[in-house]
Amino acid sequence: MRLRRPGLLTCSGAHAGKTREALKNLDWMVNVNIFDNETGSFWRGPGMDPAKIKTEVFFLPAAVSIEKEGSITNSGRWSQWRYEGPKPLGKSRPDGQIIMELGNKIKAQYKDGGTFPEPIRNLKWDYLSKGKYDPHAVAKEINGYFLEDVTVKDKTFKKGTLVPSFAYLQADGSTSSGNWLYCNSYTEKGNMAARRSMKDASNNIGLYPEFAWCWPVNRRIIYNRASVDLQGQPWDKSHWVIKWDGAKWSGGDVPDGGWPPIGSFDNPNLKSRHAFIMRKHGHGQIFGPGRADGPLPEHYEPMECPVEKNFMSATYTNPTAPTYGTKADVYMTCDPRYPYVGTTYRVVEHWQSGVMTRHQPWLMELQPQMFVEMSEELATLKGIKNGERVMAASARGKLECTAIVTKRMQPLQVAGTTIHQVGFPWCFGWQKPASGKEESANLLTPSTGDPNTRIPETKAFMVNIQKV
Amino acid sequence: MSKSFFIDTTLCTACRGCQVACKQWHDLPAETTENRGTYQNPADLSFDTYKLVRMRETIVDGRLRWLFFPDQCRHCLEAPCLETAGDPAAIFYDESSGAVIYTAATKNLDAAEIIESCPYNIPRKAPDGTLAKCDMCYDRVAAGMQPACVKTCPTGAMNFGERAEMLDLAQNRLTAVRRTHRDATLLDPDDIRVIIMVAYAPHLYHEHAVASNAGYGISRQAALRRMLRPLKHLVSPFA
């Protein structure tokens, strides 16, 4: 079984054709999404013969984010609670509702048997209130409870109350918490993520500590004891984060550890600690050991590139870059069939793969079709006119698109050779618009990427462009 | 008391939030479009498109510039379309804002004549002859709100308020922008309520960025009315 969510692996993942083929191997798939899409309907996509595909697909219609109450966390670690706006349309449901009901059905199946049933039978799964998914119940579970009366540091907490912060979580089973980072987010004081106070902290640096909530324990700037000198005084007096008043840290942000300042390195306060508490030696690092490559930056050519040697290094491509060995994993470098550099990017009018935005008529009015941007020089070379449909191809796939001939694209001069570059937005897919002719740029991109993160190399690969 | 827009094209990023907000507020349908080799869509204003960000790539002083022009009805102080129509049941001024408003009765007008009378080539017709264009969101304005396009603009390109305030803002921005763009200019500020500032020559943005000098297309009736009107507009608002 495979559970899928909004996001669209058949369009947003590199070498999308390989992924689409691979999906045929699934026995069954559950697709939870707002609209029909290229993934849930992979079996009836271009080049697919439904009669030969054994995958059974279940499509569960999901509500949109604004139709659901719950929290959203941003990349600044802020968790913000949002209310339900319009009600979900038709039979679409919030993800939480879907997973709760599915879980209850699975538990019922395992009630009287099954292989290794205990984890499923014993799973705490009581987050419905009057049959409706209750995001508050889940948020509280994530924060954590005292499961019995507990006394910690001279304070006694009653069974069933919410744990105020992760400092009070115990290792003996007397407390529970879904995620210790979020312990402090929903307490006896209330739903911290729902706060909207516009009052800034005493340091006036725009922290707004009571606007929503931040993990961990509402500390907005982590490792903030690095902002003070050995006496605990801010390096930057007019933009201070925390400061030591002689007895404690006062004002500003939540200090990253209440330990007192170091004092001096000759005679340090032994109660103190260095600022970067989660690092081995307590110091910031510009390089983390254990990475696949590094530490010094190096220039490698992409796996598919237009030059026969790397002018800046003795090593051509990154020897630690991931590559795959199935028949579908083809890479063609310096191949005359694919002479132009391709790259991918985004447009304002569509979001990610376009799985939601391609269903919005006003957005499709603005940006209706897959396109390739090329220089006037390349267009002249190929006899391509602005607005004409062309065929773009790589070693892995091909697609039809509209040529945008523009001075904004310029040929590159590399070691005396002219190298042409073209650009594609990756927001299209065959499912919508209904013509099926506006396809994903990821049909062209290669199955390789960053050695550490596997972020795919969708920004540099080789293609050909031809008149249709 | 009357309203004006100030549109600062140097701040416009062509996000087209204004285009979409206008459609949303007025419940206008999306047109079926094609990619014609540009990001601009639709190609032109229409009965269903009151606001259009026009895009032109052009070389100015040896550098490539991507010029964005948020086109819309200028709500002329003395609208030639209104004067040509001569029928307040079809085209009238909204008293409080000064907006030039079209009604369903525009169906009875000679559409070609009305469109030709417009120095900015704005009004567009439906198959049955009814005319439509930007209405300054005068319903929103009457409720103390900004027009939808202004409300949604994320960069400050779109501004709206009392005419005197908008003229001040326009003049201040013009002064600031002229420090780096000596050809920056305000387009027909004395005659219209939608004051647009451009950084380069107006014709580079759109052939109808400024009113043509000839008052062509005005009917004889309207021309006569013009001649008889007191010459109040000789006093410059910048004096």
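Here is how names work: the chains are called A, B, and so on, in the same order as the sequence lines, proteins then strands, and each is numbered from 1.
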Asks: Need one label for A:Met370: side chain, backbone, both or neither, based on atoms under 4.5 Å from any heavy atom in chain B.
Replies: neither

Asks: Got more than 12 heavy atoms from elsewhere within 6.0 Å of OH, B:Tyr102?
Replies: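 Atom OH in B:Tyr102 is packed in, count exceeds 12.
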
Asks: Can you tell me if NZ on A:Lys398 sees more than 12 non-hydrogen neighbours from other groups inside 6.0 Å?
Replies: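 Atom NZ in A:Lys398 is not crowded, with 12 or fewer foreign heavy atoms closer than 6.0 Å.
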
Asks: Name the region of A:Glu388, side chain, backbone, both or neither, that has any atom closer than 4.5 Å to a heavy atom of chain B.
Replies: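 The answer is neither part of A:Glu388.
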
Asks: Can you name the nearest heavy-atom pair linking A:Glu365 to B:Thr49, along with the distance?
Replies: OE2-OG1, 3.9 Å

Asks: With rounding to the nearest 0.5 Å, note down the distance linking CH2 in B:Trp66 to OG1 in A:Thr406.
Replies: 7.0 Å

Asks: Could you tell me which of A:Glu349, A:Met364, A:Gln369 has the largest number of non-hydrogen atom pairs under 4.5 Å with chain B?
Replies: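 Top option by heavy-atom pairs under 4.5 Å: A:Gln369.
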
Asks: Considering non-hydrogen atoms only, spot the tightest contact between B:Arg36 and A:Asn386 and give its length.
Replies: O-ND2, 4.0 Å

Asks: Under 4.5 Å, counting heavy-atom pairs only, tell me which of B:Asn35, B:Asn41, B:Val20 racks up the most with chain A.
Replies: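 Ranked by contacts with chain A, first place is B:Asn35.
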
Asks: Identify which part of B:Gln19 has an atom lying under 4.5 Å from any heavy atom of chain A, answering side chain, backbone, both or neither.
Replies: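 The answer is the side chain of B:Gln19.
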
Asks: Is it the case that more than 12 heavy atoms not belonging to A:Arg196 sit under 6.0 Å from its CZ atom?
Replies: yes

Asks: Just how far is it from atom OG1 of B:Thr33 to atom CD of A:Gln367, taken to the nearest 0.5 Å?
Replies: 9.0 Å

Asks: Could you tell me which portion of B:Thr13 (side chain, backbone, both or neither) has an atom closer than 4.5 angstrom to a non-hydrogen atom of chain A?
Replies: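 Neither part; nothing is under 4.5 Å.
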
Asks: At their closest point, which heavy atom of A:Pro361 faces which heavy atom of B:Ala30, and how far apart are they?
Replies: O-CB, 3.3 Å

Asks: With respect to chain B, which residue among A:Ala403, A:Pro433, A:Gly387, A:Cys401 yields the maximal number of heavy-atom pairs within a distance under 4.5 Å?
Replies: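 Most heavy-atom pairs under 4.5 Å with chain B: A:Gly387.
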
Asks: Would you indicate whether A:Lys459, at its atom NZ, is surrounded by more than 12 heavy atoms from other residues, nucleotides or ligands within a distance under 6.0 Å?
Replies: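 Result for NZ/A:Lys459: enclosed.
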
Asks: Is B:Ile59 in contact with chain A via its backbone, its side chain, both, or neither, using a 4.5 Å heavy-atom distance?
Replies: side chain

Asks: Is a salt bridge present between B:Glu57 and A:Arg408, judged by a nitrogen-to-oxygen distance below 4.0 Å?
Replies: yes

Asks: Contact part of A:Gln360 toward chain B, heavy-atom cut-off under 4.5 Å: side chain, backbone, both or neither?
Replies: neither

Asks: Counting only heavy atoms not in A:Lys467 (residues, nucleotides, ligands), do more than 12 fall under 6.0 Å from its NZ?
Replies: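 Above 12, so yes.
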
Asks: With a 3.5 Å distance limit and no angle check, can you tell me whether A:Trp362 reaches the backbone of B:Leu28 through a side-chain donor-acceptor pair?
Replies: yes

